[in-house]
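Please read the structure below before turning to the comments.
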Number of protein chains: 2
Amino acid sequence: MAKTENRTAIEDYLKVIFSLGEWQDETVSNAAVAARLGVSTSSVSEMARKLADNGLVAHKRYGGMRLTDEGLEQALQMVRRHRLVETFLVTSLGYAWDEVHDDAEVLEHAVSTLMVERMDTQLGHPWRDPHGDPIPTADGVLHQPTAEPLATTPVGERRFVARIDDDDPALLRWLAETGIAVDAEVVVRERKPFGGATRLDVRAPGAAVDGHLVAELGDQAVAALLVSVERASPKPLNAKGCHYSDCRHISAPRVSEKNR
Amino acid sequence: MAKTENRTAIEDYLKVIFSLGEWQDETVSNAAVAARLGVSTSSVSEMARKLADNGLVAHKRYGGMRLTDEGLEQALQMVRRHRLVETFLVTSLGYAWDEVHDDAEVLEHAVSTLMVERMDTQLGHPWRDPHGDPIPTADGVLHQPTAEPLATTPVGERRFVARIDDDDPALLRWLAETGIAVDAEVVVRERKPFGGATRLDVRAPGAAVDGHLVAELGDQAVAALLVSVERASPKPLNAKGCHYSDCRHISAPRVSEKNR
DNA sequence: GATAAAAGTTGGGTATGCCGAACTCTGCGT
DNA sequence: ACGCAGAGTTCGGCATACCCAACTTTTATC
């Protein structure tokens, strides 16, 4: 025997390396991975060796590590699992959007490929999760729309909320109260200096043209929002399946994979 | 730290001890647990000590072990999780009944209490899973209908399929092909001696009065079937919520529980 | 270019959960 | 009532995945 739950740890490392590595290219530091996972750097060193042995990362001593094609492919599958699970919990099981993250974090390691594909089918192949994060396709292609932080959006310009960081449930509840959701239209009206509040007009996705609210957001809330000049298209814009015209594609060069 | 995934192992032991102990009372042997879990008896000894330390089983050296009230309560919760997950996979995600067991085995350790209750609600509080096994209620009460093995049913008497062992997916597919399902009406017509085939009339749950098929089942298939004289009532028969008039109730004496 | 701070690695140690081998207890059969 | 087979336990080991503390390498600064 001797095959305990080793998968969970590896999967968590892959996810973190993927997200820290600017989605694929960059070398990520040991320390960054340790901080994100809440483990010590010595644990990361050990795991780096193990991942390298398994061909999932390239790792040179005292340098950082970078996902290999195989590691990237598996990381994209994990992202797909996580985001599909979140979408499923909200759409099919009536979770509020601030309740899904922790459950998804556990379930992503437990759902089979069959279940992932059944959820995907039942949800009608969603392209993004409840927080606006794009869902990689079954063959591992991620459409990454270009979006800017709300923090740097010029005053007076119209933007659409593209993605909302889902780490803090309390923040999500607060944002929901202020009317901010994915696809909401926002215009920054005023920025108070030195970390002061940001005042903005908010119009909910389906609201009337003149139906806007005024919200005052603190630093933490502003930092959680990514916005786009363009409104997300409900239908794909091109053959590649993008919902924004300005969009990167990330995918692992076909690795004939059979494991998992 | 030191908080790895210890829950899974404990939960698996509790489930096995529960099912081996004739649903609660009997002391189960170390060897039986080892055989069922596919581990060595030394592993069971160690775990028995740990479970006893945690107050989940009563264990006397060189004697077997028996679930405590707390252990029984947790075991019933695991049974609930497993069977609700199976029901959910079939009803809401389109699994075939032979596909659910393995996925449920993993998911039962990963679903949160919130998710269990959401599934339960969405399914309309089902009282049994796709294989006919009763689902304990949220407060840990299991209605265990009396059922007899098909192997000992007298020739010529009418019975209703109450439960079907779900361990072997191939067997389940075969049974489905022969028209056998939960609530199917069966009459044993002939038993060939020395482990020969059993021939029986089968009428599917919704079929016309004269719409019966003839099936020939081998030993293994016959052993997987539990039947009841009485047809399961679609609605509860009494205040206790039983769907059969002859039914045992199993529950842990209220233990004010907060963990998990 | 020396050197100290930062970043990464190694080594020794912990906890879980499993194993086989050796030892110990129980109880059955004579 | 004895003794032995079988069931149960203990012990030393293995693998994973962590930790801290000590050591090595890189880097950034003077």
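To find a chain, count down the sequence lines: A is the first, B the second, and so on, and within it residues start at 1.
Note: CG (A:Asn30) to P (D:dC19) measures 12 Å, nearest angstrom. Here the P atom of nucleotide C:dT9 and the CG atom of A:Leu51 are 12 Å apart, to the nearest Å. When rounded to the nearest whole Å, the span between CE of A:Met47 and P of C:dT9 equals 14 Å. Taking atom CG of residue A:Asp53 and atom C1' of nucleotide D:dT16, one finds them 14 Å apart after rounding to whole Å. A:Lys60 has its NZ atom 13 Å from the C1' atom of C:dA7, to the nearest Å. Here the C1' atom of nucleotide C:dC28 and the OH atom of B:Tyr62 are 18 Å apart, to the nearest Å. When rounded to the nearest whole Å, the span between CD of A:Glu46 and C1' of D:dA15 equals 12 Å. Atoms CZ (A:Arg49) and P (C:dT10) sit 7 Å apart, rounded to a whole Å.
Between A:Ser43 and D:dC19 there is a side-chain N or O to OP1 or OP2 distance below 4.0 Å. Within the 4.0 Å cut-off from OP1 or OP2 of D:dG8, not a single side-chain nitrogen or oxygen of B:His59 is found. Close to D:dA17, at under 4.0 Å from its OP1 or OP2, lies a side-chain N or O of A:Lys50. Regarding contacts with the backbone of D:dT9, a side-chain N or O of B:Ser45 is found under 4.0 angstrom from either OP1 or OP2. Between B:Tyr13 and the phosphate of C:dC18, there is a side-chain N or O to OP1/OP2 separation shorter than 4.0 Å. Between A:Arg61 and the phosphate of D:dT26, there is no side-chain N or O to OP1/OP2 separation shorter than 4.0 Å. Side-chain nitrogen and oxygen atoms of A:Ser40 include none within less than 4.0 Å of the OP1 or OP2 phosphate oxygen of D:dC20.
Across B:His59 and B:Ala52, no two heavy atoms sit closer than the pair CB-CB, 4.2 Å. The two residues A:Asp219 and A:Gly196 come nearest to each other via the heavy atoms OD1-O, 4.0 Å.
Counting distance only, with no hydrogens placed and no angle test, the side-chain atoms of A:Ser42 and the base atoms of D:dC20 include a donor-acceptor pair under 3.5 Å.
Of the residues near DNA chain D, A:Ile10 and B:Thr41, the one whose nearest nucleotide (by heavy atom distance) lies more toward the 5' end is B:Thr41.
The aromatic rings of B:His249 and B:His143 sit perpendicular, their planes meeting at an angle over 60°, well past the 30° parallel limit.
For the atom pair CG (B:Asn30) and OH (B:Tyr62), the distance works out to 11.0 Å, reported to the nearest 0.5 Å.
Counting heavy-atom neighbours within 6.0 Å of A:Arg49 CZ, excluding the residue itself, gives a total of 12 or less.
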